[in-house]
Each structure stands twice: as structure tokens, then as C-alpha cells.
Protein chains: 2
Amino acid sequence: MKNSLNERRQERGWSQQHLADALGVSRQTVISIERGRFDPSLPLAFRLAEVFGCRIDELFDPRGDGAQSS
Amino acid sequence: MKNSLNERRQERGWSQQHLADALGVSRQTVISIERGRFDPSLPLAFRLAEVFGCRIDELFDPRGDGAQSS
DNA sequence: TCCTTAAGTAAAGCGTGCTTGACTTGTAAA
DNA sequence: TTTACAAGTCAAGCACGCTTTACTTAAGGA
């Protein structure tokens, strides 16, 4: 799923490690989500929204990768 | 994670099967999420919000089950 | 040059999200 | 009573979220 994680993280000048620590997950997890390898769990999505001070639907775009063929 | 699925589904007079079909998942999945056995994936959370015409954070409460000890 | 930090890849392993199928219980209609 | 539907439990199995470890590449400072 497409997201604005990388953008928002860099706006704040945070490293992936810093964000991972703030979220309580590994750096690998941050990388994988940023690069769209997989979607975060719902609890993690809530923590991301909290960390970035926005709503989940502002952070993630469900149509971003979801094969809308027409 | 605590949620208002059951409440909102019954307001609309939908069976679990009807909701499951609308979401494109099995009835088991609806039951398990309603009863808090596990959290939906992020894509499924977005579909739930769409089906119920609200936002994810209106449907789910991240503090609902999250062991805040103090 | 060497060292450090940030970002990335890859792979093995564990817990959980979701599926299918079978079974139970309560309610209501035939 | 029998049939049918809604809601629930349980269990086996597959796919994905997340962890850990190890390695690579590029940029900056000593």
C-alpha cells in the first residue's frame, strides 16, 4: 500500500532507526513499510499516525497498490 | 483491539455473512474481529471504514486492549 | 585512508491474519 | 417436529507482519 512515510520522516529529519525506536519496532520493519514491501498491522498503523500527528488515512492510500484495473 | 463493529453492523440489520461478503472475507474473519480475537490487516480496516462510511479511528480504539498498566 | 552513520538487501524463524470445513446452540417458521 | 438461518466454537493450514543477524553501498569527518 502506498504511503507518505518516507516523505514525512525526512521532513522531520529523522533516521529510520529513530523512527523505529519511536514506534517500538525494528529498523527492518520501517524499511519494509516505507518501501511498500508489506503493510503495517493496525496497531502499528495507529502508532505511526500518533508519531506523525495525523490520521491513518492521511498516511496511507488504500488505492495506492490495489490493482484497480479500469 | 476494541471496536464498534458489532454495534454498527446491527444498526444496519446486517448478518455477519452479509458483512463478510461486502468485505470480501470469510464469516470467520468477521466473527474473529468483532469478538476481538485479532485485529484486521490495514487493507481490511480501510474496507471496513468504507463499508460503514466512517474513518478507521472511529471504528477501532487502539487503547481498547493495549495493556496500559498504570 | 579509516571510521561512522544512514539506507538498503537477503534469509531464517515466529506469531498472527485469514481460509475452509465441521460442529453446536437459539430462534422462528413450516 | 423438522427445516432454516444467525451466531458461535474449534482446528488445520497457508500467507504475511515483524524480528534478528549479516552483508553492501554511499556520504562525511577524523
Side-chain angles (χ1 to χ4, degrees):
Chain A
M1 180 160 5
K2 212 178 153 196
N3 66 73
S4 54
L5 269 180
N6 186 285
E7 215 173 358
R8 292 180 188 260
R9 179 175 60 80
Q10 300 210 33
E11 279 171 11
R12 288 161 176 76
W14 294 346
S15 68
Q16 293 173 335
Q17 184 65 64
H18 177 88
L19 177 55
D21 291 343
L23 294 167
V25 298
S26 70
R27 189 172 64 94
Q28 263 317 310
T29 296
V30 169
I31 292 175
S32 294
I33 296 173
E34 272 194 8
R35 314 220 86 213
R37 273 198 236 282
F38 54 68
D39 300 321
S41 65
L42 190 54
L44 182 49
F46 270 108
R47 272 180 273 152
L48 277 160
E50 190 177 6
V51 159
F52 285 120
C54 64
R55 294 195 316 265
I56 290 178
D57 50 277
E58 293 173 321
L59 223 39
F60 294 92
D61 179 7
R63 334 185 70 200
D65 236 323
Q68 59 265 352
S69 46
S70 68
Chain B
M1 176 157 10
K2 210 177 156 196
N3 67 73
S4 54
L5 269 180
N6 187 284
E7 215 172 357
R8 291 178 187 261
R9 179 175 61 80
Q10 300 210 33
E11 278 172 9
R12 288 160 176 78
W14 294 346
S15 69
Q16 294 172 334
Q17 183 65 62
H18 176 88
L19 177 56
D21 291 342
L23 293 168
V25 298
S26 69
R27 191 172 61 96
Q28 262 318 308
T29 296
V30 169
I31 291 175
S32 293
I33 296 172
E34 272 194 6
R35 315 219 86 215
R37 274 198 236 281
F38 54 67
D39 300 321
S41 65
L42 189 55
L44 183 48
F46 270 108
R47 271 179 274 153
L48 278 160
E50 191 177 5
V51 160
F52 285 121
C54 63
R55 293 196 316 266
I56 291 177
D57 50 277
E58 293 173 321
L59 225 39
F60 295 91
D61 179 7
R63 334 187 71 201
D65 235 323
Q68 56 262 350
S69 47
S70 67

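These numbers were taken from a predicted model, which means no experiment stands behind them. Chain identifiers are assigned alphabetically (A, B, ...) following the order of the sequence lines, protein sequences preceding nucleic acid strands; residue numbering begins at 1 within each chain.
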Self-check item: Rounded distance (nearest 0.5 Å) linking atom CG of A:D39 with atom NZ of A:K2
Solution: 14.0 Å
Quiz item: Roughly how many Å is it from CD1 in B:I31 to P in C:dG21, rounded to a whole number?
Solution: 16 Å
Quiz item: Which residue, B:R27 or B:I33, contacts DNA chain C at a nucleotide closer to its 5' end, judged by nearest heavy atom?
Solution: B:I33
Quiz prompt | Separation of atom CD in A:Q16 from atom P in D:dT19, rounded to whole Å | solution = 14 Å
Quiz prompt | Sugar-phosphate, base or nothing in reach of B:S15, heavy atoms under 4.0 Å | solution = sugar-phosphate
Exercise. Please state how far atom CG in A:N3 lies from atom P in D:dG17, giving the value in whole angstrom units.
Key: 13 Å
Self-check item: From CG (B:L5) to CG (B:L19), nearest 0.5 Å
Solution: 6.5 Å
Quiz item: Rounded to whole angstrom units, what separation is found between the CG atom of B:D21 and the P atom of D:dA6?
Solution: 11 Å
Practice problem: Drop me the distance from B:L42's CG to A:F46's CZ, to the nearest 0.5 angstrom. | Solution: 9.5 Å
Self-check item: Minimum-distance nucleotide (side-chain atoms of B:Q28 versus C:dC18, C:dT20, C:dA7)
Solution: C:dT20
Quiz item: Which of the following nucleotides, C:dT16, C:dG8, C:dG21, is nearest to the side chain of B:F38?
Solution: C:dT16
Quiz item: Just checking B:T29: base, sugar-phosphate only, or nothing, at a heavy-atom cut-off of under 4.0 Å?
Solution: base
Exercise. Take atom CZ of B:R35 and atom C1' of C:dG17, then tell me their distance rounded to the nearest Å.
Key: 18 Å
Practice problem: Using whole Å, report how far CZ of A:R9 lies from C1' of C:dG8. | Solution: 11 Å
Self-check item: Any B:S41 side-chain N or O less than 4.0 Å from OP1/OP2 of C:dC18
Solution: yes
Practice problem: Mind calculating the distance between CD (A:E34) and C1' (C:dA6) to the nearest angstrom? | Solution: 11 Å
Quiz prompt | Between P of C:dA7 and CH2 of A:W14, the distance in whole Å | solution = 13 Å
Quiz prompt | Candidates D:dT19, D:dG17, D:dG8 - which lies nearest the side chain of A:V25 | solution = D:dT19
Self-check item: Gap separating the CD atom of B:E7 from the CZ atom of B:R12, nearest 0.5 angstrom
Solution: 10.5 Å
Practice problem: Check the hydrophobic clustering (I, L, V, M, F, W, Y; side-chain heavy atoms under 4.5 Å; chains of links allowed) and say if B:I31 and B:L23 are grouped together. | Solution: no
Quiz prompt | Minimum-distance nucleotide (side-chain atoms of B:R37 versus D:dT20, C:dT19, D:dT9) | solution = D:dT9
